[in-house]
Amino acid sequence: MTLAVGIDIGGTGIKGGIVDVDSGERISDRIKISTPSGGEPDAIVDCVLDLITQLGVDDDRMPVGVCFPAIVLHGRTMSAANVSKRWIGLNAEKLFEKALGRDIHFVNDADAAGVAEARYGAAQHEDGLVIMTTLGTGIGSALIHNGVLVPNAELGHLEIDGYDAESRAANSARENEKLSWAEWAERLQRFYSHVEFLFSPDLFIVGGGVSKYYEEFLPLLKLRAPIVPAELRNNAGILGAAALAVRPTAEQQAHGR
Ligand code: BGC
């Protein structure tokens, strides 16, 4: 059993758990803390410290993976679509490592969710190109080819019909504009058919809290590739961040997993 801590930082909540990365099972409670308003770096670091204490992690060597809603390039956060602009250009991985006194692995939230679905969820045993999308405050995306992540795809920020795609098609747009499922599905159709034209994926996965209502909107979409709900729901970020924090074995690397 290989254990790692997974932490998923979002605009409203910071969630964490201890994960057996061999099986993809969470072996601790899932702990959730509200994201401090403003989403400033120092306040979020404090919450993560608190969360690790609450999880009772006593082994300093247990790998810790943290996922976050921004482009993450070599540990540095390069964007901040729905969090404080102070994250832009920050060496977030170093900031957390200093505060926690241990190594961590810092990744984009949708990439973590995509890796989790590929290893333990809806895209297990799926070859070819899988596009994971998360529909929440923004639209997150992950490209996974034959089980290998191509990091930092930001498909939610494609410009479609003159708009940043997520401003029209994220779940927050549905809520804020009080769209019916059918009205929202029209916008999703525009988004997913454009992405399908650009990438020709073999499978789309749809995550984010709203994916539990997938029966209301996924059947309305007409695409060539199958489009299925995520299986790991709100655990995907935790599981993926934990999995990515553990160095893959030589055998996993050889198989691209
Ligand atoms: C951000 C992405 C993030 C997604 C989901 C987007 O606004 O640009 O980096 O993955 O929201 O949180």
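If you read the sequence from its start, that first residue is 1, and numbering goes on from there. In listed order, ligands and their atoms are each counted from 1. In what follows, every heavy atom counts, from backbone to side chain, and hydrogens, waters and symmetry copies are set aside.
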Atom indices of ligand 1 within 4.0 angstrom of Gly140 heavy atoms, with elements: 4 (C), 5 (C), 10 (O)

Glu166: numbered ligand 1 atoms lying under 4.0 Å from its heavy atoms: 6 (C), 7 (O), 11 (O)

Side-chain (Asp20) to main-chain (Asp22) donor-acceptor, under 3.5 angstrom: yes

4.0 Å heavy-atom contact, Ser79 with ligand 1: no

Trp87 side chain vs Gly39 backbone, donor-acceptor pair below 3.5 Å: yes

The one among Asp164, Ile9, Asp109, Asn82 that brings a heavy atom closest to atom 10 (O) of ligand 1: Asp109

Any Ile139 heavy atom less than 4.0 Å from ligand 1: yes

Counterpart residues, salt bridge (charged side-chain N to carboxylate O under 4.0 Å, His left out), relative to Asp42 (two or more places apart): none

Region of Pro69 that comes within reach of ligand 1 [heavy atoms, distance under 4.0 Å]: both

Nearest neighbour in protein (non-hydrogen) for atom 1 (C) of ligand 1: Glu154 OE1, 3.5 Å

With sequence neighbours excluded, residues passing ring-ring contact (aromatic ring centres under 6.0 Å, His included) with Phe191: none

Sub-4.5 Å side-chain heavy-atom contact between Val206 and Phe217: yes

Whether Phe204 and Tyr192 hold their rings parallel, tilted or perpendicular, with breakpoints at 30° and 60°: perpendicular

Ser141 N/O to ligand 1 N/O under 3.5 Å: no

Polar side-chain atom of Ser180 near backbone of Glu183 as donor-acceptor pair, under 3.5 Å: yes

Ligand-side contact atoms (ligand 1) for residue partner His157, heavy atom cut-off under 4.0 Å: 1 (C), 6 (C), 7 (O), 8 (O)

